[in-house]
Structure formats: C-alpha cells, structure tokens
Amino acid sequence: MTAGLFDRTLYHGARLLAERDPDLYDLLEREQLRQQQTLAMVAAASTADPSVLACEASATSNVTTEGYPGARYHAGCELVDEVERLAVRRAKEAFGAQHANVQPHSGSTANQVVLCSLLSPGDVVLGMDLKAGGHLTHGASASMSGRFFTPVRYGLDERGLIDYDGMTELARRHRPRLIFCGASSYPRTVDFRRFRAVADEVGAYLVADISHIAGLVAAGEHPSPVDVAHVTTTSTYKQLYGPRGGLILLGRDAETRTASGRTLRATLEDAVFPYLQGTPRLNTVAAKARALAELTTPAFRERAERIVATARALAKELDSHGHRVLTGGTDTHMVLLDVGCRGLTGRIAERALESCGIVVNKNSIPGDPHGPRVTSGVRLGTNVLALRGMGVAEMAECADLVHTVLAAVRPSGDRDYELDEAVRGAVASRARALCDRFPLPDHPLPDPSLPTPAAPVPAA
Ligand SMILES: *Cc1c(COP(=O)(O)O)cnc(C)c1O
C-alpha cells in the first residue's frame, strides 16, 4: 500500500481547484448540494456512490492505450489491465454473461457498435418508435441509426403495451437484419423471448437494450435477455448507479458465427476498438468495476425490490389523486403520467415541479400533439428515492407533492405558467424536508459551520 496517495490526490485536487479556479469550484460544489437537497425522480438517472466518483477522478485517467488487457498497443498497462479484467469479470458475474465489453463510452455508442458491425449501410432495422418510448439509437431519423440504416418502427397497442402482433407483422413484411427491443419510456415488462422468436423466424439479430432496467435485470426483478437476445447493451449510469458509460454483454450466442464467419464475440470486440472507439477511459472502466461489484450484493437486491415496490406505490397514489397513469401502473422503476389531459404540457409540469425542488422529465406520450421539447407527459422514476432509503410508506408524500404542484399550476400558453407562491413555498419545504430525512447514503452532508452556497434558481 502506498501512503494514501490516492486519497491525498483527490483532496489536494479539490483544494487546488478551490484556490486556483474558485468559479468552477463553486459550480461543482453547488451541483453536489443540489443533488443532496432536491427530490430527484428522474427515471434515466441514479446517483453514483462517492467510491464510484473517486474511481472516475483517479490517475487511471492519465493512461493512454488502445486494445484490450494483455493485448495493448502501449506500455505501462499492467495495472489498468487488472482494472479492466476486474470490470469484465464483475459484469459477467452480475449478468450471468459469457462475455462483456466494458469499453463503450456510452449506451448510444454501444448501440452504434452493434449496428455498424453487424449490418451494412442501408440494411433494415426494426426498432420501437421514438414516440412510443423507443430510443434515438433504435432507428430514429434524428440519429445515425435511422439514416445509415433503413428504419422500420413498431409501436404500442390501445392499452399502451408493446404491439407484439404488429411488430411480428412488420418483421415478416420488411425482413429486418436487426431488431431492437428495450425502451426509454416504457414501464412494463418486455417479453424478450417473444422478440427472439420473431428474430429467428425472419433471420434477424435481436439486440436487447436494457439501459433503463439493467439494475432490475441484474437483481432478478425483470427477466434477463442476456441468454435470449444475440446481444445485450446498456448504459451504466441509469439503474447501475455507475459512471457515464456503456456495456455490451453476450450470453448463449457469444460464439455464434456472423455472415463473415467470425464469432459475435470477436466481431463486437473489434467493433468497439478499432472500428469505432480509440483509447478507453480507464478511469471510467474502474468506476464501472466499482459499481458492478455492488450488483451482486444482498443490499442491491433489496434496493431493486424497493425500486419496483415504490414505483408501483407511486403509480397507485397518483392514480388515486385522479392522474392518468399510462398503462395503469408499472412493473419497473418508471411511472408515466399524461398531464395533457389536465391542460398542461410536460414542459410546464417539469418546470413547475423543478421550481419546488422536485426533478422529473417531460416525456412524449402516445399520440402526443406536442414535439419533444414540449410534450404532454411526465416520466418519473424511483432509482434515487430507493437509494435514499425511501420505501412504499414515503410514496404517499412523494405523490402528494407532485399532485399538489400539478393541481395548482396554471398554464399561460405552451411555455409560461403561474404557480401560487404559497403553494410553491410549502411544497419546496416539504420536498426539502424529505431529502433531509433521507439523505443520499455515504454522501457527506453540508458542513453547518461553513457558508452554504446559494441554491440554484431554475431558469425561467
Ligand atoms: C439512455 C438510453 C440509451 C443511451 O445511453 P447513453 O449512455 O446516454 O448514450 C440507450 N438506449 C436506451 C433504451 C436508453 O434509455
């Protein structure tokens, strides 16, 4: 063991920053305070543990190399090789995978890697429509996935569930080379086996993108696609409580041959590097290793159970306040609300809630008359609430806070709104009290002897 070099570097770095760059330091400090003191119900987010953040800030960030452990293009990689091997081993263990690539810089990059290595330009990709809850990288026209390839899109049935019959019909008609399943805003269980049967029938690769539900999959709270899909991808900062980044996982099909005769494993390794990426972020790989280690603990399993139980309770409470909960509930961490039926837009709901210290996302809903910057829906998630230690009992309060704001806000046009100051003040202090009662675990609290930086004021 060296004499606390790592600890001292982190501390010293923060002190140097405060001294030499107080403006930047102040912003970073205030951001940390914001996270501690606001009620985050953002389905696409979690809060990484300080030990994960420390890995990101470690000196592994200084290592330039390319390639994989034991086969790098640069010297000086003995220790980072061990770090990456650890991350790979933990990813395989957490997901029961045969193979894991921990280098993708993001979930989007992981999907690009899969598309660009398994398909040729112009090939047909069948993915969930962005407006139905799919992701940009599954064939949306705003993304390369919908421009370099030929997208075909499936949607939802009248209950708001994946239209499996319609998807099957589209697959038979268009013969895609690749089918994406997994979504960005879909609160129900995805039937991976049904997708695989269709993929096999039409001769397509099935890619399961579990970015939103990876923690539930690791904990056994949602069926795993790892041995069902040809390839599984995920981002690491949503339900894995890890750093920004992506993972590619292979199960039973790791040694399946592609048209070129190479295995999926070899094809995807070469696709991450050298085809699409250069030097890996080894600090981020270390942070992934750290976050992945947590997934196999009893504490994580218990939290995953609570993520689902709290989301179900939140949906039920909001429903009992008269809100329209899409699909009538949830099987995951996610609750989707239609606010358009109350005469609000998602944008106004998001801003009004943020002005009270409650952070949610505006979100398109099926048949949304508004574009993605305005929307008619709100997406809530319980990843951070569960991390804070909240349970089903606290969801009455969370739902009541959201309801109180949404019931009081008065829109004036698509953009502006009015919210009674007394309501705003009361909700803000209740939200703050809840955060104080359930602080982010292992995150230091503000030192009362030091001046507290000003709270951020949401832009008008
Ligand atoms: C968030 C998300 C991604 C993108 O992940 P990034 O790491 O933000 O690039 C991909 N697919 C789905 C389904 C997502 O929800």
Side-chain angles (χ1 to χ4, degrees), residues 40 42-48 52 56 91 101-116 125-140 142-146 149 151 153-156 162 178-190 192 195 206-218 222 224-226 229 231-249 272 276-277 280-281 284-285 287-288 291-292 307 311 330-336 360-364 372 377 379-384:
V42 177
S46 59
T47 309
V52 172
E56 280 267 56
N101 190 308
V102 298
Q103 291 191 7
H105 296 322
S106 70
S108 296
T109 308
N111 287 341
Q112 283 159 18
V113 160
V114 175
L115 285 168
C116 295
V125 173
L126 178 58
M128 192 169 179
D129 198 333
L130 192 61
K131 282 183 269 169
H135 191 256
L136 280 164
T137 53
H138 299 186
S143 141
M144 67 81 73
S145 66
F149 305 99
R153 303 177 183 112
Y154 58 88
L156 305 171
I162 292 172
L178 188 149
I179 301 175
F180 267 115
C181 59
S184 286
S185 56
Y186 185 69
R188 294 300 186 169
T189 301
V190 178
F192 299 122
F195 275 103
L206 179 65
V207 181
D209 178 348
I210 56 168
S211 290
H212 260 275
I213 53 168
L216 301 184
V217 168
H222 187 291
S224 171
V226 171
V231 185
T232 298
T233 59
T234 181
S235 54
T236 50
Y237 61 89
K238 289 177 185 169
Q239 215 166 39
L240 299 185
Y241 300 83
R244 304 283 117 193
L247 287 180
I248 298 175
L249 303 163
V272 175
L276 270 152
Q277 288 192 174
R281 295 173 52 95
T284 303
V285 168
K288 288 174 188 175
L292 287 163
I307 285 173
T330 181
D331 301 323
T332 64
H333 63 305
M334 190 186 291
V335 178
L336 297 175
V360 305
N361 281 142
K362 61 182 172 293
N363 201 75
S364 295
R379 184 178 66 171
L380 309 169
T382 54
N383 294 342
V384 180

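Start at 1 with the first residue, then count along the sequence. Bear in mind the structure is a predicted one, so any value in this text is a computation, not a measurement. Indexing begins at 1, ligand by ligand and atom by atom, following the structure's order.
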Ligand-residue contact atoms, ligand 1 with [X], heavy atoms, under 4.0 Å:
X      : answer
Ser108 : 4 (C), 5 (O), 6 (P), 9 (O)
Ala183 : 13 (C)
Asp209 : 10 (C), 11 (N), 12 (C), 13 (C)
His212 : 15 (O)
Ser235 : 5 (O), 7 (O)
Tyr237 : 1 (C), 5 (O), 6 (P), 7 (O), 8 (O)

Are the side chain of [X] and the backbone of [Y] linked by a donor-acceptor contact shorter than 3.5 Å?
X      : Y      : answer
Thr332 : Pro187 : yes
Thr236 : Gly245 : yes
Ser364 : Pro372 : no
Asn361 : Arg379 : no
Arg153 : Ala132 : no
Ser46  : Lys238 : yes

key: ligand 1 N/O within reach of Ser184 N/O, cut-off under 3.5 Å   = yes
inquiry  = Counting only nitrogen or oxygen atoms and a 3.5 angstrom limit, does Gly107 reach ligand 1?
reply    = yes
request  = Would you tell me which option among Arg244, His135, Gln112 has the nearest heavy-atom contact to atom 4 (C) of ligand 1?
outcome  = His135
message = What protein heavy atom lies closest to atom 2 (C) of ligand 1? Include the residue and the distance to one decimal.
response = Lys238 NZ, 2.4 Å
request  = Walk me through it: do His222 and Phe192 pass the test ring-ring contact (aromatic ring centres under 6.0 Å, His included)?
outcome  = CA-CA 11 Å; His222 187 291; Phe192 299 122; 5.5 Å; yes
query = So, does Ala44 sit close enough to ligand 1 that a heavy atom of it is under 4.0 Å from the ligand?
reply = no
request  = Please assess His135 against Asp209 for the test side chain to side chain donor-acceptor pair (under 3.5 Å), listing each intermediate value before the final yes or no.
outcome  = CA-CA 9 Å; His135 191 256; Asp209 178 348; 5.0 Å; no
